[in-house]
Amino acid sequence: MCDVNRDGYRALVDFQTAAGAHVYRITDSYNDRRCTVVSAADGRHNLAENRSYKLRVCVIKTGQRPSYCKTSATFYNDH
């Protein structure tokens with residue numbers, strides 16, 4: 001995930017179950033056109049197979065709540 005604007009805001013993605021329960025969150029660490037990368041191989045960012053999820057994408061400024069959030073359509077993780 002990459003935040004391309006140096007404006008004090010960072011990109012944030014919440015991974016949720018289809019019912020909206022929180023699975024995990026990834027926040028861009030850089031805010032300078034470098035990208036934050038995570039891998040399922042680390043054991044913390046692995047979505048279970050054969051389940052449905054959705055993404056909530058927001059921007060966040062340090063010390064504030066996420067804003068300008070949009071939630072994706074539900075998708076099925078089959079591998």
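Since we're looking at a predicted model, the values are computed, not measured.
Contact detail for R44 and D42: the closest heavy-atom pair is N-OD1, 2.7 Å.
Among residue pairs with one or both ends in residues 52-72, those qualifying as side chain to side chain donor-acceptor pair (under 3.5 Å) are D14-R56; sequence neighbours excluded.
Contact of the N77 side chain with the N50 side chain is not registered, since no non-hydrogen atoms from C-beta on lie closer than 4.5 Å.
There is a path of hydrophobic side-chain contacts, each under 4.5 Å, that joins V38 to V13. Clustering ILVMFWY residues whenever any of their side-chain heavy atoms sit less than 4.5 angstrom apart, transitively, puts V23 in the very cluster that holds F75.
Proximity of a side-chain donor or acceptor of N5 to a complementary backbone N or O of D7 within less than 3.5 Å is not detected.
Checked options T36, V59, I60; the residue passing with D28 is T36 (criterion: side chain to side chain contact (heavy atoms under 4.5 Å, CB included)).
A search for ring-ring contact (aromatic ring centres under 6.0 Å, His included) contacts involving Y24 returns F15, H45, not counting sequence neighbours. Taking the side-chain hydrogen bond (donor to acceptor under 3.5 Å, both in side chains) definition, one finds that R51 meets it with nothing, sequence neighbours left out.
To the nearest 0.5 Å, atom CG of residue L12 and atom SG of residue C69 are 7.0 Å apart.
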